[in-house]
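Chain letters run A, B, ... following the sequence lines, proteins first and then strands; every chain starts at 1. Treat the numbers as computed from the prediction; the structure is a model and nothing was measured.
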Amino acid sequence: MTIRTRVAPSPTGLPHLGTAYVALFNRAFAHQQNGKFVLRMEDTDVGRSDSESDQAIQDALRWLGLDWDEGPDVGGPHGPYRCSERLSIYHELIAELVAIGGAFYCFCTKERLDSVRANQRQQGLVPKYDGHCISLSKQEIQTRIDKGTPHVIRLKVPIEGNCVFHDTLRGAIEIPWGQVDMQVLLKSDQFPTYHFAASVDDHLMEISHIFRGEEWLSSCPKHQLIYTYFGWQQPELIHLPLLRNPDHSKISKRKQSTSINYYRRCGYLPDALVNYLATMGFSMPDEREIFSFQEFQDAFTPSRVSTSGPVFDIAKLSWLNGQYIRNLSHSDFQKSLGEWAFGDGRADAILRLVQERTERFDDVFAQADYLLGERATLTAESFNHKKITSDECVRVLYFSQLLLEHLNQRDGELISEAFKKLAAQLDLKLRDCLFPVFVAISGRSVSLPLFDSMQILGLDVVNARLRSAIHVLGGVSKKMSKRLDTEWHQHATRLINTTKTE
RNA sequence: GUCCCCUUCGUCUAGUGGCCCAGGACACUGGGUUUUCAUCCCAGCAACAGGGGUUCGACUCCCCUAGGGGACGCCA
């Protein structure tokens, strides 16, 4: 049997550390076994998927050296490798599944489902589909379809008994069918859900082993059911532990940077990041902690993967990165640093801002310090200001995060317009409103133009600096963030929409 | 709330019944080398969640409790 593995990210948002983590294991295992490693883009969510993210994920994985044998760009015998290009396959198979009684049409409205689930929750039951449409007759179904009633197709799930499936690291796992929802497989927009697309594609692409995050454990029964209905053999499942925040919750961008690009921008070496990721949940037989991907691949075996969730510890990553940096030849060091600091048009962008503010060359580097490296360390006093209180600073910084995130734009003009409106909404002068942002981004209240700086730094770093600034000011409690989120939603429509039309 | 998964130093981990009054690494503390700093070297600090079994013997096997995490979407 040929070993075939895959990683199947959804192209929504920035390239995630978790994607790299999972790709690492899949790639190492496949190549160790002379198999193939596949990249498949799971763009089943039309609203959230975008091609920019698709490209960014590919770039980030390539940067890490985690490239693939088959995928959307390189092709392969089992293509296409993007869900949105495989719709006819799903439609054909979902029809088959309905025909053999494994799935059924459902015409329920969102409102009805919401109230059903709310009721169930109130009674302490598992919120799930109540089977309302499961026994509609062929005629009833046809009539509604002909009328153009929006509908989905759901998985038929047994009511009683247990589902038993196998995980390589944990052995047999038993989940009562009563816990499993009649999952939507085909959405009303005719796109499959992840569950259906992934199951189908894994089979069609002859995937033999799936290394994926532990978060998928509870959806295994659904996938198993699909395989059973079709009479397919399920791939071997190896659920990896979830990367964690320092507080042990699942790693999330609210609490630390999860974007691969952030670590790239901060000057971590791809080999070091890959090495570090490989020590999360895996250890070498000889306990070595510094090793190449090739060495990892040679030594890898599922039995050396541990099941408890590792905290992603930036201090240790930095130490490891230091080992790699010092090991570089001096010429490689120069080359890599130069590329990091000035590559991709950065030198030009920075120098254009600097020149008009320069009297002597020795002014140059002091002005651009926060663009070339980490900004000065902040304290609460850094935010002392005549016109704006520290609480207001937190508010502004918090909203800035949301604004930039929702704007999802690098365009300086747009950012500038949005901030002007934000200041107006908060009833602050732009100059005062921007003060905490200047401090957060540059470490000073006076610096090179703010929005240009943001563009040069990139969203990942900007976000991290805003987050760290908020932290310095005492952070935002759960309660407070709830209040701010509510307030934000009141501003949001106006801020975002009007911004885009101008 | 229901179900599932997990539980060795603050963190990453070694350990698959005796080699362990638990080893390594990061962080931290102290010392040494170095014109300073960093590197490097040495030393120190620090853990088997708790309770029951099984066994001649449990970090290792079983059960319970507690704690942590995840899932419960026409998100993935």
Watson-Crick/G-U partner (both atom distances under 3.5 Å) of [N]:
N	value
A14(B)	none
C40(B)	G32(B)
G67(B)	C6(B)
A27(B)	none
A58(B)	none
G1(B)	C72(B)

What is the separation between atom [atom1] on [X] and atom [atom2] on [N], rounded to the nearest whole Å?
X	N	atom1	atom2	answer
Gln120(A)	C3(B)	CD	P	15 Å
Phe291(A)	A14(B)	CZ	C1'	14 Å
His239(A)	C3(B)	NE2	P	20 Å
Ile173(A)	C6(B)	CD1	P	7 Å
Trp319(A)	G24(B)	CH2	P	14 Å
Leu186(A)	G73(B)	CG	C1'	16 Å
Phe196(A)	C75(B)	CZ	P	15 Å
Asp167(A)	C5(B)	CG	P	10 Å

Does a salt bridge link Arg82(A) with Asp54(A), judged by any charged N lying under 4.0 Å from a carboxylate O?
-> yes

Sidechain N-carboxylate O distance under 4.0 Å for Arg6(A), Glu70(A) = no

Using the [atom1] atoms only, state how far [M] lies from [N], rounded to an integer number of Å.
N	M	atom1	answer
C6(B)	C61(B)	P	12 Å
G24(B)	A46(B)	C1'	14 Å
G68(B)	A27(B)	P	29 Å
C48(B)	C21(B)	P	14 Å

N or O in side chain of Arg117(A) less than 4.0 angstrom from U2(B) OP1/OP2 |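 No, outside the criterion.
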
Taking OP1 and OP2 of U13(B), is either one under 4.0 Å from a side-chain nitrogen or oxygen of Lys316(A)?
-> no

Sub-3.5 Å pairs of nitrogen or oxygen atoms, protein against nucleotides 64-71 of chain B:
from, atom 1, to, atom 2, distance (Å)
G69(B), O2', Arg244(A), NH2, 3.3
G70(B), OP1, Lys250(A), N, 3.1
A71(B), OP1, Lys250(A), NZ, 3.1
A71(B), O4', Ser218(A), OG, 3.2
A71(B), O2', Ser218(A), OG, 2.8

Considering residues, nucleotides and ligands other than Glu374(A), do more than 12 of their heavy atoms fall under 6.0 Å from its CD?
->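 Yes, CD of Glu374(A) has more than 12 neighbouring heavy atoms, counting only those of other groups under 6.0 Å.
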
Does atom NZ of Lys253(A) have more than 12 heavy-atom neighbours, drawn from other residues, nucleotides or ligands, at distances under 6.0 Å?
->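 Incorrect, the count does not exceed 12.
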
Hey, does [X] reach any base, or is it just sugar-phosphate, or nothing, if we go heavy atoms under 4.0 Å?
X	answer
Thr44(A)	sugar-phosphate
Gln323(A)	sugar-phosphate
Gly47(A)	nothing
Pro310(A)	sugar-phosphate
Arg170(A)	sugar-phosphate

Taking N and O atoms by type only, does the side chain of Glu287(A) place a donor or acceptor under 3.5 Å from a partner on the base of G23(B)?
-> yes

With distance as the sole criterion, do the side chain of Ser188(A) and the base of C74(B) form a donor-acceptor contact below 3.5 Å?
-> yes

Are any side-chain N or O atoms of Ser259(A) and backbone N or O atoms of Asn261(A), one a donor and one an acceptor, separated by less than 3.5 Å?
->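 Answer holds: yes.
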
Going by the angle between their ring planes, with limits at 30° and 60°, are Phe300(A) and Phe29(A) parallel, tilted or perpendicular?
->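 Aromatic pair Phe300(A)/Phe29(A) classed perpendicular.
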
Give me the ring orientation class for His223(A) and His195(A): parallel if the planes are under 30° apart, tilted from 30 to 60°, perpendicular past 60°.
->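 Ring orientation of His223(A) relative to His195(A): tilted.
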
From the list C74(B), C5(B), C26(B), which nucleotide is the closest neighbour of the side chain of Asp313(A)?
->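 Of the options given, the side chain of Asp313(A) lies nearest C26(B).
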
Looking only at side chains, do His31(A) and Asp69(A) share a donor and an acceptor under 3.5 Å apart?
->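 Looking only at side-chain atoms, Asp69(A) and His31(A) do form a donor-acceptor pair, the distance falling under 3.5 Å.
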
Closest approach of Pro192(A) to Leu87(A) (non-hydrogen atoms, all atoms of both residues) = CD-CD2, 3.8 Å

